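Remarks on the structure that follows.
The first residue in the sequence is number 1, and the count goes up from there. Quick caveat: nothing in here was measured; it's all calculated off a predicted structure. Counting starts at 1 for both ligands and their atoms, in listed order.
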Amino acid sequence: MSRLLVIGCGGVASVAIRKCCQNSGIFSEIMIASRRKEKCDALKAKLQGTTGTRIDTAQVDGNCAKEVISLIRAYKPDAVLNVALPYQDLTIMDACLATGTDYIDTANYEPEDTNDPHWRRMYEKRCRELGFTALFDYSWQWDYRERFEKAGITALLGSGFDPGVTGVFSAYALKHYFDEIHTIDILDCNGGDHGYPFATNFNPEINLREVSSPGSYWEDGRWIETKPVELKSRYDFPQVGVKDMYLLHHEEIESLAKNIPGVKRIRFFMTFGQSYLTHMKCLENVGLLSTSPVLYEGREIVPIQFLKALLPDPAALGPRTVGKTNIGCIFTGIKYGKEKSIYIYNVCDHQACYREVESQAVSYTTGVPAMIGAMMVVTGQWKKPGVFNVEEFDPDPYMEALNRWGLPWLVCENPAPVKVWRADEE
Ligand code: NDP
C-alpha cells in the first residue's frame with residue numbers, strides 16, 4: 001500500500017497512471033499533478049469508479065522546486081514519478097532531496113533553454129572531455145548521487161523502455177546468458193502507421209531534438225560521433241518485417257558503458273521511413289527545429305515549441321495508429337569460453353494498447369515501465385540510497401513484472417547481426 005505523486009499528464013503519464021490504477025494493491029493512492037490541472041481532472045473522471053486506487057489531482061509547475069516541495073509536503077507521497085519533460089528533472093530531484101522522497105523518471109535531463117550560460121559552459125566542457133554533442137547527458141543527474149546517499153533516498157533514472165527496459169534486458173543478459181558481454185545493439189522499431197503525413201509518437205520537441213542531433217556510439221572506451229542520421233541499417237524485425245533504421249545517440253549508451261563491465265561496443269538504432277526524414281530535414285532547413293528564441297511581432301517565440309503546437313498531439317494518435325512496435329537488444333559475448341549471441345525483445349500492438357488504455361504503443365511501452373520502476377522502489381525491491389540507472393539493480397523482479405503488466409519479452413538465440421552503411425551510399 002503506497003502513495004505516489006505523478007508529475008505530468010501527457011501521453012506517457014496517462015499510461016503510467018492507468019497502470020498504477022490497475023495495480024491498486026501497490027498504488028493505493030496517487031496524486032496526478034501537472035501544469036494544467038484540468039487535464040488531470042479529466043483523467044481522474046475517466047478512471048474513478050474503475051479502480052481501487054484513490055486519485056487526487058493538483059496543479060504544479062515542475063520548473064519551480066518550491067511549488068513541488070509544497071505539494072510533496074502537503075501530500076506526503078512515498079515516491080515521486082516524474083513523467084513530465086526532461087527539462088524538469090533537476091528541479092523535481094531538488095524537491096525530493098528537500099523532502100526526503102524517492103524519485104523515478106524516464107528520460108535524462110536536458111535544458112529547455114540551450115542558451116543558458118551555465119548549461120552552455122558545462123556542455124562545451126563535456127563535448128571537449130567526453131566527445132559527444134547531444135543536448136542531454138547523465139552528468140547533471142549523476143551529480144546528485146552523494147546528496148541522495150546522504151539523504152538516504154533513492155533516485156531511479158530512466159525507467160521507460162529505452163532507456164529503461166533496454167538496460168534491464170542488458171543486466172538480465174549478463175546475469176543469465178553471458179560471462180562477458182562484448183557488444184550491445186539496441187533496436188527501436190516502430191512499425192506503426194498513424195495516417196498523418198508527419199507526426200511524432202512522443203513529445204515532438206524532445207523527439208525532434210533527439211533525431212536531428214549528431215549520432216554517436218561507444219567503441220573501445222570512447223565515443224564516435226557521426227552526422228545526424230549518417231549511418232543506416234536495415235533489419236527484419238520479428239512480427240513487424242523489414243525496416244530501415246538509423247544510428248542515433250541515446251542516453252542508455254552512456255550508462256551501459258559504465259555499468260556493463262568489459263563491454264566493447266554499444267550502438268542504438270531507430271527505424272524511420274523516408275517521409276519522416278524528408279519532413280524533418282525540410283523543417284530543419286527552414287529553421288523550425290531551432291531551440292533559440294526569435295522575435296515575432298514583438299514577442300519571443302521558440303521555433304521548435306511553435307512547431308509542437310502545430311503537430312498532432314502524440315496522446316491523440318492512439319485511435320488511428322495500427323501496426324506493431326518491436327524494441328529490444330542484440331547481445332554478443334562469451335559464455336563458458338564460447339562466443340554466443342542473443343536477442344531479447346518485446347513486440348507491442350498499437351491497437352491492443354489503445355483498447356486497453358486508450359494510447360498508442362510508444363506511450364504504452366514507456367508508461368508501463370514507468371509504473372514498474374515506481375513499484376520496484378515503493379515496494380523496497382529496488383531501494384538503496386543514491387542515484388541509479390536501472391541496470392544497477394537485480395533485473396529478475398522487473399523482468400517478471402514486464403510479463404505480468406503487458407510487455408512480455410522473448411529471447412532468441414543467434415539473431416542476424418546488424419550491418420551498417422553510410423546512408424548516402426544508397
Ligand atoms: P507529453 O508532452 O505528452 O507530456 C508531458 C506532460 O508534462 C504534459 O502533461 C505537460 O503538461 C507536462 N508538463 C510540461 N511542462 C511541465 C511543467 N513545467 N510542470 C508540470 N508539468 C509539465 O510528453 P510524453 O508523455 O510523450 O513524454 C513524457 C516523458 O517521457 C518525456 O520526458 C519523454 O522524454 C519521456 N519518454 C521516455 C521514453 C523512454 O522510453 N524512456 C520514450 C518516450 C518518452 P501540458 O499537458 O500542460 O503540456
Under 3.5 Å, is there a donor-acceptor pair between the side chain of E284 and the main chain of K281?
no

Checklist line | Check: L97 main-chain N/O paired with T101 side-chain donor or acceptor under 3.5 Å | finding: no

(message) Is the positively charged end of R299 above the ring of Y296, judged by distance under 6.0 angstrom from the centroid and angle within 45° of the axis?
(response) no

Query raised in the report: Can the positive tip of K384 be found less than 6.0 Å from the middle of the six-membered ring of F388, inside 45° of the ring normal?
Result: yes

Among D188, N207, D162, the residue with a heavy atom nearest to atom 40 (O) of ligand 1 is D162

Ranking D89, N203, T106 by closest non-hydrogen atom to atom 26 (O) of ligand 1, top hit is N203

- Query: Is it the case that Y364 and T325 place a side-chain donor and acceptor less than 3.5 Å from each other?
  - Reply: no

Q.
Just by distance, no angles: are the side chains of Q22 and K19 close enough, under 3.5 Å, to form a donor-acceptor pair?
A. yes

[X] N/O to ligand 1 N/O under 3.5 Å:
X: G10; answer: yes
X: F161; answer: yes
X: V362; answer: no
X: I206; answer: no
X: V83; answer: no
X: P163; answer: yes
X: D313; answer: no
X: G8; answer: no

Do me a favour and list the nearest non-hydrogen protein atom to [atom] with residue, atom name and distance?
atom: atom 12 (C) of ligand 1; value: S34 OG, 3.5 Å
atom: atom 28 (C) of ligand 1; value: A84 O, 3.2 Å
atom: atom 5 (C) of ligand 1; value: L85 CD2, 3.8 Å

Quick check on G158 - does any of its heavy atoms sit under 4.0 Å from an atom of ligand 1?
no

Q. Any non-hydrogen atom of P314 lying under 4.0 Å from ligand 1?
A. no

Q. So does D236 pair up with K243, basic N to acidic O under 4.0 Å?
A. no

Below 4.0 angstrom, N of the basic side chain to O of the carboxylate: do R145 and D143 qualify?
no

The answer for which part of T366 has a heavy atom under 4.0 Å from ligand 1 is side chain

inquiry  = Quick check: F331 with H182 (ring centres under 6.0 Å apart)?
reply    = no

Between N326 and the options N190, V240, N346, the side-chain contact (heavy atoms from CB on, under 4.5 Å) test singles out V240

